[in-house]
2 protein chains.
Amino acid sequence: MPTAPNPFVPSPSLLDYVRPQALAVPGSGIVEVMNYGRTRPGMIPLWAGEGDLPTPAFIAEAATRSLAAGETFYTWQRGIPELRAAIAKYIAGLYGVPEDPERFFVTGSGMQAIQLCLALTMGADEEIIIPSPAWPNAAAAAQVLGARPVFVPFDFDVADGFSLDLDRLEDAVTPRTRVIFINSPANPTGFVAPAETLRGVLDIARRHGLWIVADEIYGRFYYEAGEGGVNGRHVAPSFHDVMEPDDRILFVQTFSKNWAMTGWRLGWIEANPELGDVIANLIQYSTSGVAPFMQRAGIAALERGESFVAHQIERARRGRDIVADGLLPTNRVRLARPPGAFYAFFGVEGETDMRALALKLVDEANIGLAPGTAFGPGGEDFIRLCFARGEAQLTEATNRLATWLTR
Amino acid sequence: MPTAPNPFVPSPSLLDYVRPQALAVPGSGIVEVMNYGRTRPGMIPLWAGEGDLPTPAFIAEAATRSLAAGETFYTWQRGIPELRAAIAKYIAGLYGVPEDPERFFVTGSGMQAIQLCLALTMGADEEIIIPSPAWPNAAAAAQVLGARPVFVPFDFDVADGFSLDLDRLEDAVTPRTRVIFINSPANPTGFVAPAETLRGVLDIARRHGLWIVADEIYGRFYYEAGEGGVNGRHVAPSFHDVMEPDDRILFVQTFSKNWAMTGWRLGWIEANPELGDVIANLIQYSTSGVAPFMQRAGIAALERGESFVAHQIERARRGRDIVADGLLPTNRVRLARPPGAFYAFFGVEGETDMRALALKLVDEANIGLAPGTAFGPGGEDFIRLCFARGEAQLTEATNRLATWLTR
């Protein structure tokens, strides 16, 4: 018998029937400030992790040509062979590793790469260790799976910036730990793990039978390599440098940052080919692959994007210095010039409520920053500014902030 | 201390460290046959659930224009407001329901819509009831979450086709049941739930506090409506016709079939707006939204695609009749002309191993069909043929099959 609604009893909320783990997942603390400020005239938005340049035309046109040629049908779950080959060549060139297309799996964003890597390795009531403060999405994706993030705080001082204590990391390992998530160069801290730290994390993972999910998406936004780079490379230290082929390391990557493709939702997983069938299944049962015309754009980016990437990196390096050189003389910020990624993450003397500060800066300085509270434990005393922007706009934003700080 | 690999002890496989639920997820039984036959010259592929027409130019060009205009940045998690409004108008027109954009959430495919609806409603060790045979991906997505599919077999006879016994459906409910998954019109069976069946399913869901995930993506591929349609509509009966606003029903939809956009990976969830924040979070922590230029194409499809959709449906109706009229006279098939979707799903007299039959038809008739074994319990005695194709090719494929059957 159908139950007729009883008008005298309030209906239960639909939310009462939502899976508790899904209901408990926190919203983004960045979006709150964006929604507060996004329509202000003259606002300079430095809250999101994206630059101000649209995708270069040669990349967009590769998608357009593919679309016009009718590449609109279902395609390989793992990605089209040409893109997997192009990624393999790119990674081989960047890190001096063997070129093996079977290691690469195209995903619908770096975020999806993370989500699939977690679904591959952990489930309900298991734990992922995440150095914190951190971009919140990896922890949240674990929570959606019913798993628990365990945060290990970075050390911070103004002279040396952020660093990771390996003993504290290992102390966080429990019998339920499955994954260590390492983002280096890191959002929001700018932390870059030296090779010996990566080696130490790998040792811990080996000792305890854990996976490493390596988020090295900012690897090329690395400002400490000097003229010739490290071993001739302008790229941050990577797990590629220290791992053996059978180590349990899953790399997540994205086209978003290097090639100004944030909106595209295009990324990849790099993994041992032994995992290929399982990863293909996880792709099949989540989004079933990525549009072939999007993948053609990825090939164009990898094969013809080097001068654009170099331009982006140089622009970010200048941006970093504009912000640091403009804010440090105010003597009101606790800021270490970050060695990597494209964020200044700093404390402000006399300010303890960073959410309130972010809202106040919208109102009083017309600039949009992201409160450190959005980045989990240890972020409470900081605020994040994205400097992947043009010189004029960044200079103006820095002046507004410096003026506000010294008003 | 790092553990040095011991050359005398074989390394454990990486697969030993994969989450058991991820490892257990089955691969697609369709892909095996596709891989076996896809490179044969002259092969007519009727194994996948897609037509032979590329996306219409006016849809592709909407994406191209947006790309050229630089719409390549992060955008709304729930979808751009213009697309949500266009979907709301389309659904209101199709089903005579109020027009409410807040009910719609853009996803990176209908598959992702299903995956997110399951993550919203169920987790480890909980159960989803699925009438079977069925498109395997909903069950597999539940398995990835650590949940269990519980299959309820359709009844079948050649005169009346497939039907769903509501008592048997209710008998499958246990304290662990969270979701009933109803695909109507159905892949692969062509089953179309009459309104009284939908009402019966809804009563069961209400009685037991369950969610319904309603997969009505083939709603317009419905061949029994007659000249004027049902209430002037050429659309299959829908949960829209029988539900109250606070019923626990989640609709999953896709642009794939109506608008020949299978490769795009673009779909939507329709849900009570009360669930909006939770759904937005689930999107954020899986793919973080859909490219804005893809969404512009979706708007073009909805607003200017009606004559193309009518053409597709008429083509599929003709395809159905070509196949049925060609195969029934062989007297070797158990085939009921399907009232909806675009598949003939039939048994073959004297053939018991449908996987072997599919491979044999590749070798001996140069046509590609999907074995019923790929569609779960109850599919073992059937084979699936997709008839969303042009008349000439379908006629040739049907002739090849009829000739083979009567050889």
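Throughout, protein chains are lettered first and strands after them, A, B, ... in sequence-line order, and every chain is numbered starting at 1.
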Heavy-atom distances under 4.5 Å only: say whether B:Met294 touches chain A with side chain, backbone, both or neither. side chain

Rounded to the nearest 0.5 Å, what separates atom CG in B:Leu116 from atom OG in A:Ser286? 9.5 Å

Please assess A:Tyr285 against B:Leu145 for the test side chain to side chain contact (heavy atoms under 4.5 Å, CB included), listing each intermediate value before the final yes or no. CA-CA 11 Å; A:Tyr285 303 125; B:Leu145 292 167; over 6 Å; no

With a 4.5 angstrom heavy-atom cut-off, is it the side chain or the backbone of A:Ala57 that approaches chain B, or both, or neither? neither

Looking at B:Ala124, B:Ala140, B:Ser28, which one has more heavy-atom pairs under 4.5 Å with chain A than the rest? B:Ala140

For A:Asp52, is it the side chain, the backbone, both, or neither that has a heavy atom closer than 4.5 Å to a heavy atom of chain B? backbone

Pick from A:Leu250, A:Ile249, A:Asp247, A:Asn272: which one makes a side-chain contact (heavy atoms from CB on, under 4.5 Å) with B:Leu14? A:Asn272

Quick check on the interface: out of A:Asp125, A:Leu210, A:Val278, A:Thr107, who has the most heavy-atom pairs with chain B under 4.5 Å? A:Val278

For the interface with chain A, which of B:Gln115, B:Met261, B:Arg178 has the highest count of heavy-atom pairs at distances below 4.5 Å? B:Gln115

Identify the heavy atoms of B:Thr287 and A:Met111 that sit nearest to each other, and give their distance. N-CG, 4.3 Å

Residue A:Val31 versus chain B: region with a heavy atom under 4.5 Å: neither

Tell me which of these, A:Ile114, A:Val290, A:Leu118, A:Leu15, has more heavy-atom pairs under 4.5 Å with chain B than the rest. A:Leu15

So A:Val18 and B:Trp211, do their side chains get closer than 4.5 Å, heavy atoms only? yes

Under 4.5 Å from a heavy atom of chain B, the part of A:Leu282 involved: side chain

Measure distances from A:Val25 to the heavy atoms of chain B and classify the residue's part below 4.5 Å as side chain, backbone, both or neither. both

Heavy-atom distance under 4.5 Å between the side chains of B:Thr262 and A:Thr72, does that happen here? no

Contacting region of A:Glu274 [heavy-atom separation from chain B under 4.5 Å]: both

Select one option (side chain, backbone, both, neither) describing which atoms of B:Gln284 are under 4.5 Å from chain A's heavy atoms. both

All heavy atoms of B:Gly263 vs all of A:Pro292, minimum pair found to be O-CD, 3.7 Å

Give the member of B:Ala48, B:Gly110, B:Ala60 that has the highest number of heavy-atom pairs under 4.5 Å with chain A. B:Ala60

How close do B:Ser288 and A:Asn137 get, heavy atom to heavy atom, and via which atoms? OG-ND2, 4.1 Å

Within the distance-only criterion (no hydrogens, no angle test), does the side chain of B:Arg19 pair as donor or acceptor with the backbone N or O of A:Ala119 below 3.5 angstrom? yes

Can you tell me how far OG1 of B:Thr64 sits from CD of A:Glu61, rounded to the nearest 0.5 angstrom? 10.0 Å

Name the region of A:Asp277, side chain, backbone, both or neither, that has any atom closer than 4.5 Å to a heavy atom of chain B. neither

Could you report the tightest heavy-atom contact between B:Ala291 and A:Arg265, atom names first, then the distance? N-CG, 4.1 Å

Would you mind checking which part of A:Leu53 comes under 4.5 Å of any heavy atom in chain B, side chain (CB onward), backbone (N, CA, C, O), both or neither? backbone

Which atoms form the tightest heavy-atom contact between A:Asn281 and B:Gly27, and what is the distance? OD1-CA, 3.4 Å

In terms of heavy-atom pairs under 4.5 Å with chain A, which of B:Gln112, B:Glu126, B:Arg248 leads? B:Arg248

Options B:Gly200, B:Gly267, B:Pro26, ranked by heavy-atom pairs under 4.5 Å with chain A, top entry: B:Pro26

Examine distances only and state if a side-chain atom of A:Glu50 and a backbone atom of B:Phe73 form a donor-acceptor pair shorter than 3.5 Å. no

Check whether A:Ala63 gets within reach of chain B through its side chain, its backbone, both or neither, counting any heavy atom under 4.5 Å. side chain

Could you tell me which portion of A:Thr55 (side chain, backbone, both or neither) has an atom closer than 4.5 angstrom to a non-hydrogen atom of chain B? both

